[in-house]
Amino acid sequence: MADVFRHTWWAFAQVYYDLRALALVGNLIWFLTILPLVPIVGIPGAFALQQAVLQADAQVTGVQFFVFIVGGTAVGGALAGPGTAALFHVAHRHVEYENIEMRDFWQGFRSNFRRAWLLFFVDMCLLYGLVVGFIFYTGTGELLIQALGFLSLYFVVLWTAAQAYLFPMFIRYDMSIYHLFRNAAVMALSSPGSSIAYFTVVIGCIVMSMLLVFPAVFLLASTLALVAMRMTQDRLHAFGVEPEGRSW
């Protein structure tokens, strides 16, 4: 667990000392690629929250919300998926002590376009399903069924922890989407302390970004990508896998 917090401090220092490469070439361009998803997810979510708070009759059903968000994610993921792959490509080059230029982000974006889009889309749909399951089961009023909702919450934590390994392995290995998710889940489950610590770091970064905005634009994604690269390195070593590369 302590290693994750140490990796986070190291990642913040790396972003601070290499602002041009990690904040501008990495984080800022990645932020621009996910912007189309903000209204796709945020606007239906705001309407649903308003209906829940005001207890008004739903003008749009939950199924319609879900279809709109999933369809919008499929469209917005055409930028966000490859953009996330490009971010991790830049992070990988950094930990390999390579100079980072704008063309490196574009190379990571272009070379991983189709698979990165598919990985991102499936990844987000899994999250949507878990969130919908949590809301549905906890809103039933039945104690036994509500327990299933909290089980869904456990899987949300597991999903978040698995993000630390998903895209680093995507960048390093030519695996199928299924094997990427399976291996990421196994690695997250194999180190519960690290998974909880990473979940805590992600929540802290999100809260800080919501309060200040600046970290989301320039720091958050690059920092978490670097932390994920180090965590993946640790887990692979623990499993006796020694990937090629100077940083591994």
Side-chain angles (χ1 to χ4, degrees), residues 8 11-46 68-96 98-128 131 159-160 163-164 166-171 177 180 198 201-229:
T8 303
F12 270 123
Q14 295 299 304
V15 175
Y16 175 77
Y17 285 114
D18 201 353
L19 285 173
R20 183 194 64 81
L22 296 175
L24 297 179
V25 174
N27 208 116
L28 177 59
I29 304 179
W30 169 84
F31 183 79
L32 295 176
T33 65
I34 68 164
L35 273 181
L37 286 178
V38 174
I40 290 170
V41 178
I43 293 176
F68 176 81
I69 292 175
V70 170
T73 301
V75 175
L79 289 178
T84 303
L87 172 74
F88 278 88
H89 177 72
V90 167
H92 172 64
R93 285 186 60 85
H94 178 80
V95 298
E96 288 287 321
E98 300 286 351
N99 292 327
I100 299 170
E101 303 294 340
M102 186 71 73
R103 64 175 178 270
D104 296 314
F105 190 95
W106 170 243
Q107 179 186 2
F109 186 96
R110 180 172 51 84
S111 62
N112 298 297
F113 186 88
R114 185 183 64 82
R115 291 184 68 245
W117 170 82
L118 180 59
L119 177 64
F120 183 86
F121 177 70
V122 174
D123 195 29
M124 293 303 295
C125 285
L126 286 174
L127 176 62
Y128 298 154
V131 171
W159 178 91
T160 304
Q163 304 308 301
L166 193 61
F167 272 92
M169 288 194 295
F170 173 84
I171 294 298
I177 301 299
L180 283 169
Y198 184 74
V201 169
V202 170
I203 296 300
C205 288
I206 292 175
V207 170
M208 184 172 62
S209 296
M210 292 174 64
L211 294 175
L212 302 177
V213 179
F214 176 84
V217 179
F218 295 104
L219 303 176
L220 171 62
S222 288
T223 299
L224 291 178
L226 290 173
V227 174
M229 298 298 291

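All residue numbers in this chain count up from 1 along the given sequence.
Side-chain atoms of Arg93 come within 3.5 Å of backbone N or O of Asn99 as a donor-acceptor pair. In this structure a side-chain-to-backbone donor-acceptor pair under 3.5 Å is present from Asn27 to Val217. Counting only distance, with no hydrogens or angles, the side chain of Ser222 and the backbone of Leu22 share a donor-acceptor pair below 3.5 Å.
Of the inter-residue distances, the one linking Glu98 atom CD with Asp104 atom CG reads 8.5 Å to the nearest 0.5 angstrom. Rounded to the nearest 0.5 Å, atoms CG (Leu35) and CH2 (Trp30) are 9.0 Å apart. Atom OG1 of Thr33 and atom CG of Leu28 lie 10.0 Å apart (nearest 0.5 Å). Separating the CD1 atom in Ile29 from the CD1 atom in Ile34 is a distance of 13.5 Å, to the nearest 0.5 Å. Atoms OG1 and CG, from Thr84 and Leu79 in turn, are 10.5 Å apart once rounded to the nearest 0.5 Å. To the nearest 0.5 Å, atom CG of residue Leu118 and atom CG of residue Asn112 are 12.5 Å apart.
Using a 4.5 Å heavy-atom threshold, the side chains of Leu119 and Phe167 count as touching. With contacts defined as side-chain heavy-atom distances shorter than 4.5 Å, the pair Leu180/Arg115 qualifies. Two residues are said to be in side-chain contact when any heavy atoms from C-beta on lie closer than 4.5 Å; Arg20 and Val25 meet this criterion. Side-chain contact between Val95 and Gln14 is absent, with no heavy-atom pair separated by less than 4.5 Å. The shortest side-chain heavy-atom distance between Asp123 and Trp159 falls under the 4.5 Å cut-off. Inter-residue side-chain proximity for Ile203 and Thr160 is flagged as unmet; no heavy-atom pair is nearer than 4.5 Å. In this structure the side chain of Leu226 never reaches within 4.5 angstrom of the side chain of Phe12, judged on heavy atoms. For the pair Phe88 and Met229, the minimum side-chain heavy-atom distance is below 4.5 Å.
Among all heavy-atom pairs drawn from Cys125 and Val70, the shortest one is SG-CG1, 4.0 Å. Shown here for Pro215 and Ser209, the closest heavy-atom pair between the two residues is CB-OG, 3.6 Å. Closest non-hydrogen pair, Thr223 versus Leu219, comes out as OG1-O, 2.8 Å. Of all non-hydrogen atoms in Gly108 and Ala85, the two that sit nearest each other are O-CB, 4.4 Å. Between Leu37 and Gly77 the shortest heavy-atom distance is CD2-N, 4.3 Å. Closest non-hydrogen pair, Leu87 versus Phe105, comes out as N-CE1, 3.9 Å.
Relative ring orientation between Phe218 and Phe214 is described as tilted, the plane-to-plane angle lying within the 30° to 60° band.
Within a 6.0 Å sphere centred on OH of Tyr16, heavy atoms belonging to other residues, nucleotides or ligands number 12 at most. No more than 12 heavy-atom neighbours from other residues, nucleotides or ligands sit within 6.0 angstrom of CZ on Arg114.
Between Trp117 and the options Phe120, Phe121, Phe113, a ring-ring contact (aromatic ring centres under 6.0 Å, His included) holds for only Phe121.
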